[in-house]
Structures are given as C-alpha cells and as structure tokens.
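See below for the structure under consideration.
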Amino acid sequence: MKVGIIGLGLIGGSLGRTIVSRTKDEVYAFDISKKAMLDGKLLSAYHHELNEQNIGEMDILILSLYPNALESALNEYCPKLKNGCIVMDCCGNKRRVVKQMKELSQSYPALEFISAHPMAGREFSGVRHSTATLFDRASMILVPVKADLRKVAFIKEYSLILGFGTVVITTAEKHDEIIAFTSQLAHLVSSSYIKSDTAAQFMGFSAGSFRDMTRVARLSPEMWAQLTIDNADFLVNEIDSIVNSLTEYKNALKKGDIDEMKKLLADGNEKKLISEKMRRGTL
C-alpha cells in the first residue's frame with residue numbers, strides 16, 4: 001500500500017516513522033520546508049518524496065496541517081487522487097473540515113473521506129521531535145464523512161497496527177464539544193497559570209504539580225490560536241465553567257469557610273476518582 005503524508009510536523013512525522021517501522025507500506029511525504037524534508041529523510045519518516053508524478057498512486061493521503069492550511073490543501077490535492085483513495089486529516093477540530101469534506105465528496109464521489117484526530121502529542125513541535133512510538137496506547141478518533149464501512153473498519157484496524165490503544169468513532173459536533181474540555185481548555189489553563197508573577201520564583205519551591213500544570217503551556221501559538229478560535233463556542237462554555245468553579249473556591253477562601261472548602265475539594269476528588277474508573281473501564 002502507498003501512503004502519502006502532507007505536512008511533516010510532530011504528528012505527520014511520527015505517523016510516517018510509525019508506518020515505516022511497523023508496516024511494509026511505502027510512505028511518500030511532502031512538506032513546504034526543505035529542512036523538514038531533510039530531517040524527515042534522516043529520521044526515516046518516509047521512503048519517497050510525494051510529488052505531482054506519484055500522488056495519483058496513493059491509497060491513503062493524510063494531511064497533517066494547521067487548520068488554516070488544510071482547506072486549500074484539500075482543494076488542491078483531491079482532484080489529483082485516484083478512485084478509492086482514502087483522504088484523511090489530523091486536525092484538532094472537526095466541524096469545519098468535515099463540512100468541507102462533505103462538499104468535496106459531491107465533486108469527487110470516488111474518493112473516501114475520513115476525518116481523524118490522533119490523540120497524542122508533546123510540548124515540542126516539528127519532525128525533529130517526532131517518534132515512532134508517539135501513538136502507543138493513545139486514542140485515535142475517527143469521524144467518517146463519506147466512506148464505505150469496510151474502509152472505516154480498515155482504518156480502525158490500521159490504527160491498531162500502528163500502536164493506538166483505542167479507536168473512537170464519533171461525530172464532528174461531539175468531537176469538538178469534548179475536545180474543548182479535554183485538550184483546548186487544558187492548554188489555556190496552563191498558559192494562564194504560568195503567567196503568575198510568582199512563577200518567576202519557582203526554583204526550589206516546585207515539584208510534580210508545577211511541572212504537570214505548566215507542561216502544555218509550551219505550545220505552538222500559531223496552531224493553538226487557530227484551533228481555539230475555530231472552536232470558540234464550545235471552548236467559551238468550558239472557560240465559563242472553570243471560572244465558576246474557581247469563584248466558588250475563592251469565595252470560600254475569602255470567608256474562611258473551612259467546611260465549604262472541604263466540600264469543594266471532596267467533590268473534586270470524587271470526580272477525579274470517577275474519571276479514573278471510567279478510564280480503566282471499571283465504572
């Protein structure tokens with residue numbers, strides 16, 4: 001099988017390295033950055049350069065691009081693909097790309113469209129930080145747009161071969177609603193937390209809590225600005241929710257109300273225990 005990857009960043013590069021190391025498939029890649037292409041070649045993220053001469057041979061085309069670049073890329077590459085090619089993206093939001101894929105499926109009915117979101121990452125970006133194990137035990141989210149059920153089943157099985165531990169099939173709306181909480185809110189909270197004036201004095205006074213809270217404050221401002229603005233409606237709701245919760249803690253502190261503080265902390269502790277049981281499938 002021939003797999004094309006457009007965009008050799010952390011995710012695209014890691015997908016390439018994983019496919020190269022764990023399958024016998026041929027990987028073709030393209031990135032506008034010559035440095036990324038060189039680094040990707042040295043890291044065995046692909047076998048061949050993806051170009052105008054071979055793009056029509058791809059069985060799968062994966063676009064691992066920022067949201068604002070994805071739209072034009074889909075319009076550019078879909079006319080060049082062979083019948084039956086599976087077109088996938090790796091974007092962190094789904095409603096906009098799924099809407100476009102539905103429109104493109106009308107013009108290119110012989111293509112298969114499946115929107116994907118590999119739920120894995122690091123606080124570093126670029127192909128130089130990619131790994132062949134990034135997706136081990138991670139979740140792959142799939143939003144079938146216009147695809148034969150057999151193709152969806154194939155991509156699910158292929159994801160497991162690449163090391164993903166779970167494959168979730170959902171809708172674009174549900175994806176964006178939940179991702180606003182599980183991913184995007186966490187990045188904004190971390191970014192806000194590290195802006196405290198006290199943060200400059202952390203040396204010698206911090207341990208795991210500080211590291212965990214600040215890890216995802218290190219990010220790509222360009223990408224995360226696009227993702228958060230694109231999902232603003234759901235994300236604003238989540239921000240309102242956490243502001244309300246923090247206000248409850250603040251009010252208890254101002255009143256010196258230890259019973260209320262115990263109640264609030266116990267409630268948070270219980271919800272964390274429940275989430276852990278859900279994660280382990282023991283609830």
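The first residue in the sequence is number 1, and the count goes up from there.
Linking Ile, Leu, Val, Met, Phe, Trp and Tyr whenever their side-chain heavy atoms come within less than 4.5 Å leaves L65 and M37 in two separate clusters. Two different hydrophobic clusters hold L10 and I179 under the rule that ILVMFWY side chains link at heavy-atom gaps under 4.5 Å. The same ILVMFWY cluster, assembled from side-chain heavy atoms under 4.5 Å apart, contains both V20 and I11. By the rule that hydrophobic residues join a cluster once side-chain heavy atoms approach within less than 4.5 Å of another member, V98 and I141 end up as members of separate clusters. One hydrophobic cluster, built from ILVMFWY side chains closer than 4.5 Å, cannot hold both I239 and I229; they sit in different ones.
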*For side-chain contact (heavy atoms from CB on, under 4.5 Å), just list the numbers for S275 and K272, CA-CA rounded to whole Å, side-chain angles, deciding distance to a tenth of an Å, and then say yes or no.*
CA-CA 5 Å; S275 72; K272 172 59 177 174; 3.7 Å; yes

*Check step by step if side-chain contact (heavy atoms from CB on, under 4.5 Å) holds for I86 and D59.*
CA-CA 6 Å; I86 300 173; D59 298 295; over 6 Å; no

_Before you tell me yes or no, could you show the steps for Q100 and L104 under side-chain contact (heavy atoms from CB on, under 4.5 Å), namely the whole-Å CA-CA distance, both residues' side-chain angles and the distance that decides it to 0.1 Å?_
CA-CA 6 Å; Q100 185 187 4; L104 286 169; 4.0 Å; yes

*Go through the steps for H117 and H175 under the test side-chain contact (heavy atoms from CB on, under 4.5 Å), then give the verdict.*
CA-CA 9 Å; H117 186 182; H175 171 279; 2.8 Å; yes

*Take D39 and K35 through the test salt bridge (Lys or Arg N to Asp or Glu O under 4.0 Å) and record every step on the way to the result.*
CA-CA 6 Å; D39 288 343; K35 180 68 165 55; 2.8 Å; yes

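Around CZ of R137, the count of heavy atoms belonging to other residues, nucleotides or ligands within 6.0 Å does not exceed 12. Summarising the local packing, CG of L265 is surrounded by more than 12 heavy atoms from other residues, nucleotides or ligands at distances under 6.0 Å. In this structure, K82 places its NZ atom where more than 12 heavy-atom neighbours from other residues, nucleotides or ligands lie under 6.0 Å away. More than 12 heavy atoms of other residues, nucleotides or ligands shown are found within 6.0 angstrom of NZ on K146. Around the NZ atom of K80, the shell of radius 6.0 Å holds more than 12 heavy atoms that belong to other residues, nucleotides or ligands.
Between the side chain of K94 and the backbone N or O of A116, at least one donor-acceptor pair lies under 3.5 Å. One N or O on the side chain of K151 and one on the backbone of G84 form a donor-acceptor pair closer than 3.5 Å. Checking side-chain atoms of S72 against main-chain N and O of A69 turns up a donor-acceptor pair under 3.5 Å. Using a distance-only test at 3.5 Å, with no hydrogens or angles considered, no donor-acceptor pair links the side chain of K250 to the main chain of S245. Side-chain N or O atoms of S192 include one that pairs as donor or acceptor with a backbone N or O of L188 at under 3.5 Å. A donor-acceptor pair is defined here as one N or O able to donate and one able to accept, closer than 3.5 Å; no such pair exists between the side chain of S14 and the backbone of S130. Panel note: side chain T166, backbone S139; no donor-acceptor pair is recorded below 3.5 Å.
Residues N93 and Q226 bring no donor and acceptor atom of their side chains to less than 3.5 Å of each other. Side chain to side chain, N68 and R96 meet the donor-acceptor criterion of an N or O pair below 3.5 Å. A donor atom on one side chain and an acceptor atom on the other are found under 3.5 Å apart for D25 and Y158. For the residue pair N54 / N51, a side-chain donor-acceptor distance below 3.5 Å is found, with atom types taken as modelled.
Here L74 contributes atom CG and M101 contributes atom CE; the two are 5.5 Å apart, rounded to the nearest 0.5 Å. Going from atom CE of M140 over to atom SG of C90 covers 6.5 Å, rounded to the nearest 0.5 Å. Summarising the geometry, atom CG belonging to D233 is positioned 4.0 Å from atom CZ belonging to R95; distances are rounded to the nearest 0.5 Å. Rounded to the nearest 0.5 angstrom, I178 CD1 and K174 NZ are separated by 5.0 Å. Of the inter-residue distances, the one linking F30 atom CZ with Y46 atom OH reads 10.5 Å to the nearest 0.5 angstrom. Note: I55 CD1 to K2 NZ = 12.5 Å, rounded to the nearest 0.5 Å.
Here the side chains of Y66 and S220 are in contact, with some heavy-atom distance below 4.5 Å. Proximity of L61 to I6: side-chain heavy atoms (C-beta onward) are separated by under 4.5 Å at one or more points. For the pair T18/L134, no side-chain contact is recorded, criterion being any heavy-atom separation below 4.5 Å from C-beta on.
Under a 4.0 Å N-O distance rule, the pair D267/K263 does not qualify as a salt bridge.
Partners of D148 according to the side-chain hydrogen bond (donor to acceptor under 3.5 Å, both in side chains) rule, which considers only residues two or more places apart in sequence or in another chain, are R150.
Below 30°, between 30° and 60°, or above 60°: for Y28 and H48 the angle between ring planes is between 30° and 60°, a tilted geometry. The aromatic rings of F135 and F164 sit parallel to each other, their planes meeting at less than 30°, with 60° as the upper class boundary.
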Tell me which donor-acceptor pairs under 3.5 Å the side chains of residues 206-215 have, and how far apart each pair is, sequence neighbours excluded?
from	atom 1	to	atom 2	distance (Å)
T214	OG1	F210	O	2.8
R215	NH1	E123	OE1	3.4

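Summarising the hydrophobic clusters (Ile, Leu, Val, Met, Phe, Trp, Tyr; side-chain heavy atoms under 4.5 Å, direct or chained), the residues clustered with L149 are none.
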